[in-house]
Number of protein chains: 2
Amino acid sequence: MEYTYDHPRPALTVDIVIFTLRENRLQALLIQRKDDPFRGMWALPGGFVHMDESLEDAALREMEEETGLKEAYLEQLYTYGAPERDPRGRVVTVAYFALIPADAPFRREGGSDAAQAQWCTVSELPPLAFDHTEIAAYALRRLRYKLEYSAVGFELLPDEFTLTELQYTYEIILGEKLDKRNFRRRILEANIIEPTPQRRTGEGRPARLYRYQPDAVAEVKARRLFP
Amino acid sequence: MEYTYDHPRPALTVDIVIFTLRENRLQALLIQRKDDPFRGMWALPGGFVHMDESLEDAALREMEEETGLKEAYLEQLYTYGAPERDPRGRVVTVAYFALIPADAPFRREGGSDAAQAQWCTVSELPPLAFDHTEIAAYALRRLRYKLEYSAVGFELLPDEFTLTELQYTYEIILGEKLDKRNFRRRILEANIIEPTPQRRTGEGRPARLYRYQPDAVAEVKARRLFP
DNA sequence: CCAAAAGTGTTTGCTCTACACCCATGG
DNA sequence: CCATGGGTGTAGAGCAAACACTTTTGG
């Protein structure tokens, strides 16, 4: 089959599930639609792919428009192309998920078009427009899955963090409690973080600060990191 | 960002990495290009997404055009959208991989447009047009990975098969020898195949025939099936 | 000195791996 | 009866899970 160029073409968009940790919850960013269809409903941030940008650049641009943040962990999820997924016509969307650190300087009160934007705890998402509920559910599944065999959890934390903070992050995302000694042993033996000279002081004994070892990408581990 | 409909749109295609077992090798189907760019080079089968069909339907349609086969295990891989991946203009492609059984009635001498089609052992692929080398490499990585934690290997075998045939399949795809007793124990304990009353007779002791248990979807196993 | 959080090892069970011989049939 | 591939069990090692107390600081 040879490519030709005079056919009608589907519209191509990107949609992004932007995760962060806020208020001890895993939250995702939602945008309230101000036009039909689905006016007033919540939806994932997203928009057109321009002719001169890659899909990933499109996702980053949309993310910056909504959050003011230029950098984040970004990963392509899946491409949704059911013919009837958008009532206005044929729209194929490439879904991404992004992780932004808890301390990132997020610009609130939303996007370039002043649409209402809001963080929402992932376990309490409202009904979403289009097939975005399905996309968000898949993003969460993927995040949990990746957490088990790769080092993606660090992307949600500041540059420096304590082991307890890291463990909380894992527990929040996985939705279960982890054993402190097993957690520390495994995360340290995996050689993906290194101690810094600093300690974080507060109530109780000061905690050593660690940082992510960027060279040890710790991509696909043979075994999942946590059970 | 609101969707609008008057922008120029990228062209949208699907490309498929069709795997099968032939001559004790894992092979993929390639098409020889008969037009520029890349005239004469080999490429993955693929083509336009029509306005009224889903992405998966487009992939199945292209596969039927090239092979005559209507059904196969089909899985979306990744969407490639670098602006310069096609020298003729902006083309975004959704890549799929397909598994067809060794005994499937494959229609040779190719596609609807009589392009030259040929099976090629995956470890000896020629240079491919566009970014298809990258796509094929990713498909192989994904196939190997899935083999380890899901029951996808059966899709390459006939409905009924012996345990030895199944083990050969795994060994061919993974590229390593497996222990017979460990293989049999684990595949049987996983409860994803069931014995049939038949045996396959030939040289040596007749072998019991098994069939895939379609209800036991055996989706994501907690542990990989084989090391 | 008390409250609060940080930090630290060992034992037990289970799973994975390595390994060699007998069985059933056809010619 | 012999050649060929089919079929079977066990012992040892390594890994994962469960589990409780001591240490360091601030108030």
Side-chain angles (χ1 to χ4, degrees), chain A residues 24 102 145 147-151 153 157-158 160-172 174-211 218 220-227, chain B residues 24 102 145 147-150 157-158 160-172 174-211 218 220-227:
Chain A
N24 283 335
Y145 184 70
L147 204 67
E148 291 173 352
Y149 71 87
S150 85
L157 285 172
E160 303 199 332
F161 48 85
T162 69
L163 288 182
T164 302
E165 290 165 354
L166 182 61
Q167 183 175 347
Y168 282 163
T169 302
Y170 274 77
E171 290 176 347
I172 288 169
L174 295 177
E176 59 182 311
K177 279 206 64 72
L178 301 173
D179 179 88
K180 183 159 73 161
R181 278 169 295 188
N182 291 339
F183 181 86
R184 293 161 103 92
R185 180 175 344 109
R186 276 147 98 168
I187 207 85
L188 290 173
E189 283 173 358
N191 267 349
I192 47 186
I193 61 175
E194 56 185 16
T196 72
Q198 285 85 33
R199 288 160 192 280
R200 170 161 306 159
T201 177
E203 220 172 355
R205 174 173 171 178
R208 162 143 266 144
L209 284 171
Y210 289 81
R211 96 161 57 86
V220 181
K221 314 288 288 185
R223 299 281 170 197
R224 45 197 302 208
L225 225 46
F226 299 100
Chain B
N24 284 334
Y145 183 69
L147 204 66
E148 291 171 350
Y149 71 86
S150 85
L157 285 173
E160 305 200 331
F161 49 84
T162 70
L163 288 182
T164 302
E165 290 166 354
L166 182 60
Q167 183 175 349
Y168 281 162
T169 303
Y170 274 76
E171 290 178 346
I172 289 169
L174 295 176
E176 58 182 313
K177 278 206 66 72
L178 301 173
D179 179 88
K180 182 160 74 163
R181 277 169 294 187
N182 292 340
F183 181 87
R184 293 162 101 92
R185 181 174 343 110
R186 276 146 100 165
I187 206 84
L188 290 174
E189 282 173 359
N191 267 347
I192 47 186
I193 61 175
E194 56 184 16
T196 71
Q198 284 86 31
R199 289 161 191 278
R200 171 162 304 161
T201 176
E203 221 171 357
R205 175 173 170 177
R208 161 143 269 144
L209 285 171
Y210 289 80
R211 95 162 58 86
V220 181
K221 313 289 288 184
R223 299 283 170 195
R224 46 196 299 208
L225 225 45
F226 300 99

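Proteins get letters first, then strands, A, B, ... in listed order; numbering begins at 1 in each.
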Query raised in the report: More 5' along DNA chain C: D179(A) or T162(A), using each one's nearest nucleotide?
Result: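 By nearest-heavy-atom nucleotide position, the 5'-most residue is T162(A).
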Over how many whole Å does the gap from [X] atom [atom1] to [N] atom [atom2] extend?
X: R200(B); N: dT25(C); atom1: CZ; atom2: C1'; answer: 16 Å
X: F183(B); N: dG7(D); atom1: CZ; atom2: P; answer: 12 Å
X: E189(B); N: dT15(C); atom1: CD; atom2: C1'; answer: 10 Å
X: L209(B); N: dG6(D); atom1: CG; atom2: C1'; answer: 12 Å
X: E165(A); N: dA6(C); atom1: CD; atom2: P; answer: 9 Å
X: K177(A); N: dA18(D); atom1: NZ; atom2: C1'; answer: 15 Å
X: R186(B); N: dG7(D); atom1: CZ; atom2: C1'; answer: 18 Å
X: Q167(A); N: dT8(C); atom1: CD; atom2: C1'; answer: 14 Å

Report task. Ignoring hydrogens and angles, tell me if any N or O in the side chain of T196(B) forms a donor-acceptor pair with the backbone of L209(B) under 3.5 Å. Result ->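 Yes: the side chain of T196(B) pairs with the backbone of L209(B).
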Requested in this report: Decide yes or no on side chain to side chain contact (heavy atoms under 4.5 Å, CB included) for I193(B) and F161(B), but give the supporting numbers first.
Outcome: CA-CA 10 Å; I193(B) 61 175; F161(B) 49 84; 3.9 Å; yes
Hey, does the side chain of [X] come within less than 4.0 Å of [N]'s phosphate (OP1/OP2), counting only N and O?
X: R181(B); N: dA20(C); value: no
X: T201(B); N: dT25(C); value: no
X: R184(A); N: dG7(C); value: yes
X: T164(A); N: dA5(C); value: no

Query - Candidate pair Y168(B) and E171(B), rule side chain to side chain contact (heavy atoms under 4.5 Å, CB included), full reasoning - result: CA-CA 5 Å; Y168(B) 281 162; E171(B) 290 178 346; 3.7 Å; yes
So, does the side chain of [X] form a donor-acceptor pair with the base of [N] at under 3.5 Å?
X: N182(A); N: dA16(D); answer: no
X: R185(B); N: dT10(D); answer: yes
X: R205(B); N: dT4(D); answer: no

Requested in this report: Check Q167(B) against L178(B) and note the closest heavy-atom contact, atom names and distance.
Outcome: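 What the structure gives for the nearest pair is NE2-O, 2.9 Å.
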Query raised in the report: Nearest to the side chain of K180(A) - dG6(D), dT8(C), dT25(D)?
Result: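 Of the options given, the side chain of K180(A) lies nearest dT8(C).
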**Report entry** side chain to side chain contact (heavy atoms under 4.5 Å, CB included) between T164(B) and R184(B), worked out
**Finding:** CA-CA 9 Å; T164(B) 302; R184(B) 293 162 101 92; 3.8 Å; yes
Query raised in the report: Which comes earlier along DNA chain D counting from the 5' end, the contact point of R208(B) or that of G204(A), where each point is its nearest nucleotide?
Result: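 Its nearest nucleotide being more 5', the pick is R208(B).
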